[in-house]
Number of protein chains: 2
Amino acid sequence: MKSVTLKDVAKAAGVSYATVSRALSGSPQIGSETRERIIKLCDEMGYTTNYVARSMVMKKTDLIGLVVPSIENQFMSELAYYAEMSARAHGYNIMLCNSGPDLKQEKTVVKLLLGRQVDGILIVPQSSRSYENIRAYTDQVPTVFLGENLRDQPQSYVTVDNSRGTYIGTKYLYDLGHRDILYFGRRHSTTHQLRAEGYMRACQEFGLQQRFFNSDFSRSSINNGYQMAKDLFSRPIDYSAIFASTDSNALGILKAADEMHIDIPDRLSLIGFDNIPSTGLPRIDLTTIEQPKRDMAVQAVDMLRDKIENGTQGYVHQILLPSLIKRGTCRALD
Amino acid sequence: MKSVTLKDVAKAAGVSYATVSRALSGSPQIGSETRERIIKLCDEMGYTTNYVARSMVMKKTDLIGLVVPSIENQFMSELAYYAEMSARAHGYNIMLCNSGPDLKQEKTVVKLLLGRQVDGILIVPQSSRSYENIRAYTDQVPTVFLGENLRDQPQSYVTVDNSRGTYIGTKYLYDLGHRDILYFGRRHSTTHQLRAEGYMRACQEFGLQQRFFNSDFSRSSINNGYQMAKDLFSRPIDYSAIFASTDSNALGILKAADEMHIDIPDRLSLIGFDNIPSTGLPRIDLTTIEQPKRDMAVQAVDMLRDKIENGTQGYVHQILLPSLIKRGTCRALD
DNA sequence: ATTAGAACTGTAAACGTTTGCGACCTTTTG
DNA sequence: CAAAAGGTCGCAAACGTTTACAGTTCTAAT
């Protein structure tokens with residue numbers, strides 16, 4: 001359990017431990033025979049450099065704190081996957097924290113990460129209020145927000161063009177012949193406001209009536225969508241398509257529709273948003289708007305690295321393009 | 001960006017920094033007025049203790065390395081979620097590493113975690129060979145394996161009773177009247193060998209013929225299952241039920257069956273293993289065997305904590321009970 | 001008044017690195 | 001042949017904590 005230190009190999013090599021350190025770090029002021037001898041010895045003795053000691057003097061931990069509301073969420077776990085891969089490829093490790101449902105815990109874990117001396121923080125915020133929530137800390141450490149649009153807050157973030165996503169989605173439905181499109185979802189967070197805006201813009205452009213059905217749940221989940229959809233379907237269905245603000249909601253709608261024998265897509269077309277893996281499953285085959293999660297993740301760590309390594313001070317709002325994934329839940333009318 | 005240290009608040013309080021440290025750690029040998037004054041001051045000055053410095057002297061980082069093949073996998077992200085929550089509740093933070101598909105990278109990240117001085121490692125192994133793969137490191141740091149059965153290797157692990165899982169699954173099919181049950185999946189890893197064994201045991205007990213269709217893919221994914229199932233369904237279907245060794249495979253089978261108009265469950269009953277969230281989706285509604293992921297995760301961190309904090313030396317094999325989740329893909333015959 | 005003891009606080013070492021600076025040795029140059 | 005230059009290497013400080021030990025002050029008892 002006792003690990004071998006620089007001092008140990010120095011003693012074995014008959015040099016000072018400064019020399020060993022330099023040999024390992026490839027300093028030019030070390031003779032090549034000495035270097036090779038030392039490196040070989042390190043290998044034999046199983047030396048691995050102690051990163052916490054190194055962090056101490058370097059004032060840099062090569063650690064990125066990743067805070068997500070819940071890693072079991074498909075959207076976030078995919079972001080996390082690409083973020084970790086990309087970070088590690090650049091020498092950083094990820095410290096993972098679930099911020100759970102409440103803002104208090106989000107604040108707690110950010111504070112905790114600060115104590116851990118992370119070089120930067122990558123955060124998938126719980127809501128648009130997260131910015132206010134952790135503002136006290138964001139000037140103490142490079143931070144980039146991921147997945148949520150913070151509008152013109154003075155913070156770096158990367159997100160998709162949510163408004164454009166719903167726009168191209170409704171345009172798609174319009175082109176399919178739909179004239180009565182219901183928008184299903186909440187509009188509390190900025191992200192969802194923007195999604196609603198894209199729908200509204202398309203409606204205006206194509207001369208459609210704007211019709212909203214708002215979920216009052218704070219979190220969009222399959223079950224919440226299901227509950228709301230049951231309510232929705234208990235009333236007359238005088239629309240031919242539903243645009244669900246998230247895939248989770250769409251899945252809930254799908255469940256309710258199946259239960260109430262409302263055929264999707266024959267009776268009703270349905271489109272979601274996010275393109276979480278579940279939407280591609282057999283029988284589900286949900287038409288949706290893709291968020292380029294991989295690009296989002298790697299761009300976010302690139303931005304963070306830039307802040308960390310170059311001390312870049314300003315903030316950048318990176319808005320990536322969503323795309324339409326045509327699958328089986330939308331049908332052409334007539 | 002410059003953070004405030006013990007020395008800073010010591011100067012402000014007019015005491016030595018040892019006193020501040022003691023006040024914060026609740027040492028009994030500090031006057032209560034001094035303590036409160038110092039604590040208040042720390043608050044005002046925004047002091048947070050530097051964990052890397054603390055780790056240096058304490059020889060303990062309160063860090064647990066979590067290595068999973070891929071965090072985007074639903075099974076693993078759920079394990080990770082509960083593991084992180086439970087770990088943090090006990091004062092530990094999680095360092096996340098994806099080990100990817102190859103053993104080399106698994107070894108690399110474990111080594112990396114060692115350099116980071118983690119107190120322990122929680123690993124969801126890529127296969128049963130992972131034990132051999134990282135054996136060189138498992139005696140340098142407390143380690144527990146999660147999700148894979150290592151049989152009687154001298155290592156701690158927590159897993160489900162895989163054999164029992166397939167046993168109760170086939171028994172369920174038998175009770176439903178099925179007499180020709182095909183087992184679909186590979187048998188390379190120990191886990192899958194055990195699953196096959198449970199099926200075989202049930203077949204023997206109920207006098208059924210054992211019928212295997214082996215996937216030769218090393219990873220079970222929806223697409224691999226789909227490819228194999230297309231092959232399978234191109235031959236005569238002289239069985240009434242399929243036991244898929246994983247939910248992913250089952251989902252692939254479902255897709256192929258739908259495409260080839262083989263009705264599930266009417267023509268064919270289908271049962272999976274793992275109970276990943278996708279199986280509960282509308283229209284999917286896959287009958288499956290549940291792995292108690294939450295219990296597995298918290299038990300694993302409990303075991304790890306025990307090793308870390310009490311220096312427990314032996315190893316324990318924790319085998320949890322699987323359970324049958326009855327859903328819509330199995331039908332009673334006649 | 002002296003002192004034993006308690007209560008509190010300060011000093012300094014230690015943890016394992018990195019790196020500026022100085023020292024030594026060898027080689028080259030005038 | 002002397003001295004400058006260049007190539008190697010060691011010394012020691014620093015990073016921010018924790019904690020054993022020593023030191024100081026104060027109370028209370030003799």
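Just so it is clear: chains get the letters A, B, ... in the order the sequence lines come, proteins before strands, and each one is counted from 1. Bear in mind that the values here come from a model prediction, so they are computed numbers and not experimental data. Computed from heavy atoms alone, side chains included, the values below leave out hydrogens, waters and symmetry copies.
The listed nucleotides are D/dT17, C/dC21, C/dT11; the one nearest the side chain of B/Ala18 is C/dT11. Checking C/dT18, D/dG16, C/dT9 against every side-chain atom of B/Val57, the shortest atom distance belongs to D/dG16. Counting only heavy atoms from C-beta on, B/Lys59 has its side chain closest to C/dC15 among C/dG10, C/dC8, C/dC15. The side chain of A/Thr19 approaches D/dG10 more closely than any other nucleotide in the set D/dG16, D/dG10, C/dT17. Considering only the side chain of A/Arg22, D/dG10 comes nearest among C/dC15, D/dG10, D/dC15.
One interatomic measurement links the two molecules: OH of A/Tyr47 to P of C/dG16, which rounds to 10 Å at whole-angstrom precision. Atom CG of B/Leu6 is separated from atom C1' of C/dA12 by 15 Å (rounded to the nearest Å). Regarding B/Tyr17, its OH atom lies at a distance of 13 Å from the C1' atom of C/dT9, rounded to whole Å. Atom pair A/Glu33:CD and C/dT26:C1' shows a separation of 13 Å (rounding to whole Å applied). Whole-Å rounding puts the A/Met56 CE to C/dT18 P distance at 14 Å. With rounding to whole Å, A/Arg54 atom CZ is found 17 Å from D/dG16 atom P. Atom CG in B/Asp8 sits about 13 Å away from atom C1' in D/dT17, given to the nearest Å. Here C/dT18 presents its C1' atom at 13 Å from CD1 of A/Ile30, a figure rounded to the nearest Å.
Enclosure of atom CZ in A/Arg35 by more than 12 non-hydrogen atoms of other residues, nucleotides or ligands within 6.0 angstrom is indicated.
Residue-level contact check: A/Ser27 touches neither bases nor backbone, having no heavy atom under 4.0 Å from any strand. Counting non-hydrogen atoms under 4.0 angstrom, B/Ser25 reaches nothing in the nucleic acid. Within the 4.0 angstrom heavy-atom criterion, only backbone atoms of the sugar-phosphate kind lie near B/Val15; the bases stay farther away.
Between B/Ala53 and B/Gly14, it is B/Gly14 whose nearest contact on DNA chain C lies nearer the 5' terminus.
In this structure the side chain of A/Pro69 reaches within 4.5 angstrom of the side chain of A/Val124, judged on heavy atoms.
Between the side chains of B/Tyr157 and B/Asn149, at least one donor-acceptor pair of N or O atoms lies under 3.5 Å. Between the side chains of A/Ser99 and A/Gln126, at least one donor-acceptor pair of N or O atoms lies under 3.5 Å.
Between B/Ser21 and D/dT18 there is a side-chain N or O to OP1 or OP2 distance below 4.0 Å. In this model, the phosphate group of C/dT17 is not approached by any side-chain N or O of A/Ser55 to a distance below 4.0 Å at OP1 or OP2.
Put simply, the side chain of B/Arg116 and the base of C/dG16 share no donor and acceptor less than 3.5 Å apart.
Screening B/Ile71, B/Val109, B/Asn98 for a side-chain contact (heavy atoms from CB on, under 4.5 Å) involving A/Glu84 leaves a single residue, B/Asn98.
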